[in-house]
Amino acid sequence: MKHDCHYHPGEPAKWHCGQCQYYYCARCMPDADTRSRQALCPHCSQAMRYLGAATEVVPFWHRIGAFFRYPFHTDPLVVIAICTLVPVLAPANLLGALVWLVLALALFKYTYAVINHTAEGHLKPPPLATAFTGSGFNIVILQLLVFVLMGALVVTAAMLGGPILMLLVLAFAVLALPASIMVLAMERSVGAAVNPVNLAVLMARIGSPYFLLYGYLILLTVASGAAQDFAMTHFPRWAAQPLSGFLNSTFTLILFHMLGYLLFQYQEELGFASDIQDDDENNSDNRQRDRSTRFDADLDMNLKDGHYERAQALLESALKNDHNNPKRLSQLYKLLTARNDTATLCRYHPRLFAWLCDQHDGAEMQTLLGRLVKVQENFQLDDPALSVRAAETLYHAGHYRSALRLLRDFHKRFPDSDQLAPAYLLAARILANGLQQWDKARAFLLFIKKRCAGHPIHGQIDTWLQQVEQQQPLKGPRANFQAGE
């Protein structure tokens, strides 16, 4: 059974909490240690079970084409070529027989390694060196012992129960042969590979797909035999022998890859966890643990659970440590507006206005200002520099009257501020450029000329007054010139 994440439907689960019965995807557990398969449930803090790729692996019946392409990668092709062509070239003596035996062992070792490699999540073949180096050459002897013991079980059944029991045991042995090969490849144990209980449990846990795979394996075996027979019939002996060996090895690799993939597909039912290992971008084992996004995962889960107070507390706590973090301010603003929490918006309004100025978002600033004015009719910003920045943002967004509202009585509220001249120059620009109220714009410019003689922009006042007289658009000071004004 495949499970989706509880919080992200459609996203395959990677972790399961047996206490809460919740499934979590990688987005919910960015700080989980997938290498050691350890993580704690965000809700109950109990250890969770790692699911690996069990919930996202593609069913084997959708990968038939990939199975047939598998032996034609470089490494398996070289292994097959060496193990089928070299014996043909070897001398027909004891040395040649020894070469044939060694290469046969190497080929069998490689094919059994394919099962393990695939079950661990490697969808590309194992490297060439796997066939000729390291341990594992005894797998051929183990497989022979399995066949001998299975034969002995059939004979014993015939002796104890007659032909009917013998046929039943023989039928089970034939049916359980793929399961036996999988168990032997994974556990390297003859006892486990011939234990009827082990084999029955494996087949039962996989269920009907096991029998579907069995049908494919029969077709593969028949196809392999037909291809080899064709080669022996239609080609000369010197060509037919290596071609037949090549075809037999190719179909064997396909078969063993399918067996390994069946284990990989049903890893959850079989009690182990593997990830897709060949895709570096999606491989969770290769990803660095990202504890920095733990906050976002907790926030997301609280929002989806409807725990808005907890989500707000998380954001407010984060903003205590990082006062003007734009991402957290954005998240808090969206949450407060969704909850219509105007009281908290009032409390955070200086930081929110500064954030919206940085975003040049005059439209959202107009919305925020409207909310605050409903609560406090005479609302004004207490920071002169922020008042000018916010008014400039509203001006560029076309909200002229709201911009003027923030600049109202600026000389009374901030009589000694160095922002007085920029504020009233902005007011003049709004009146002239936005509202075409030239006389009022002229009055603000005259105020600057009279009261702000020491300010750097004072030297440009006469130019602006001349523009007002001619009803030409007022441009900002040269140091802050805005294109298009």
Side-chain angles (χ1 to χ4, degrees), residues 3-51 55-56 275 281-361 363-365 367-368 371-372:
H3 303 282
D4 286 349
C5 175
H6 177 78
Y7 292 100
H8 303 97
E11 193 77 16
K14 285 285 189 181
W15 300 89
H16 177 238
C17 176
Q19 181 75 19
C20 303
Q21 290 301 315
Y22 276 12
Y23 288 89
Y24 301 97
C25 65
R27 290 167 58 188
C28 293
M29 300 300 301
D31 58 336
D33 189 351
T34 54
R35 294 184 183 277
S36 63
R37 307 293 197 254
Q38 293 180 353
L40 299 180
C41 175
H43 288 93
C44 66
S45 298
Q46 297 297 313
M48 294 193 292
R49 182 164 63 94
Y50 185 62
L51 302 179
T55 59
E56 59 184 328
D275 272 306
E281 292 183 1
N282 296 322
N283 178 16
S284 59
D285 278 346
N286 292 331
R287 285 198 304 260
Q288 295 295 323
R289 295 173 65 186
D290 190 358
R291 292 185 173 87
S292 65
T293 55
R294 177 70 263 168
F295 178 92
D296 292 296
D298 289 336
L299 180 64
D300 184 51
M301 286 187 280
N302 277 297
L303 289 172
K304 289 179 177 176
D305 283 336
H307 300 149
Y308 303 122
E309 294 82 3
R310 295 182 192 174
Q312 183 173 327
L314 283 172
L315 289 168
E316 293 192 48
S317 176
L319 286 168
K320 287 180 182 178
N321 300 323
D322 193 354
H323 197 70
N324 294 312
N325 186 303
K327 182 178 180 179
R328 303 305 172 213
L329 286 170
S330 173
Q331 291 169 329
L332 180 62
Y333 176 70
K334 290 177 182 178
L335 178 59
L336 294 178
T337 52
R339 300 186 67 198
N340 199 26
D341 188 351
T342 312
T344 308
L345 283 173
C346 287
R347 181 155 50 91
Y348 279 91
H349 80 264
R351 282 189 265 182
L352 293 174
F353 270 92
W355 163 66
L356 290 170
C357 288
D358 293 336
Q359 302 297 314
H360 306 291
D361 192 347
E364 200 58 54
M365 186 179 292
T367 302
L368 174 59
R371 287 177 176 271
L372 298 178

Interatomic distance, [X] atom [atom1] to [Y] atom [atom2] [nearest 0.5 angstrom]:
X      : Y      : atom1 : atom2 : value
Leu314 : Leu319 : CG    : CG    : 11.0 Å
Asp358 : Asn324 : CG    : CG    : 8.5 Å
Tyr50  : Asp33  : OH    : CG    : 10.0 Å
Asp322 : Arg328 : CG    : CZ    : 8.5 Å
Asp31  : Arg294 : CG    : CZ    : 4.5 Å
Asn321 : Glu316 : CG    : CD    : 12.5 Å

| So, are Arg310 and Asp305 salt-bridged, with charged N and O less than 4.0 Å apart? | no
[Y] side chain reached by [X] side chain, heavy atoms, under 4.5 Å:
X      : Y      : value
Arg27  : Tyr7   : no
Gln21  : His16  : yes
Thr337 : Tyr333 : yes
Leu335 : Leu303 : yes
Met48  : Lys14  : no
Arg339 : Thr344 : no
Met365 : Cys357 : yes
Glu364 : Gln359 : no

| said: Ring-plane angle category for His43 and Tyr22, please: parallel below 30°, perpendicular beyond 60°, tilted otherwise. | reply: perpendicular
| request: Would you check, one step at a time, whether the test side-chain contact (heavy atoms from CB on, under 4.5 Å) holds for Arg351 with Leu332? | output: CA-CA 11 Å; Arg351 282 189 265 182; Leu332 180 62; over 6 Å; no
| request: Evaluate whether atom OH of Tyr308 has more than 12 neighbouring non-hydrogen atoms of other residues, nucleotides or ligands under 6.0 angstrom away. | output: no
| Do other residues, nucleotides or ligands put more than 12 heavy atoms under 6.0 Å from the NZ atom of Lys334? | no
Can you give me the closest heavy-atom contact between [X] and [Y], atom names plus distance?
X      : Y      : value
Cys20  : Cys17  : N-SG, 3.3 Å
His8   : Cys25  : ND1-SG, 3.4 Å
Met301 : Cys28  : CE-O, 4.1 Å
Leu40  : Ser45  : CD2-O, 3.7 Å
Leu372 : Cys346 : CD2-SG, 3.4 Å
Pro326 : Trp355 : O-NE1, 3.6 Å

| What do you reckon, are the aromatic ring centroids of Trp15 and Tyr23 less than 6.0 Å apart? | no
| task | Using modelled atom types only, decide if a donor and an acceptor are shared between the side chain of Asp300 and the backbone of Asp296 within a distance under 3.5 Å. | result | no
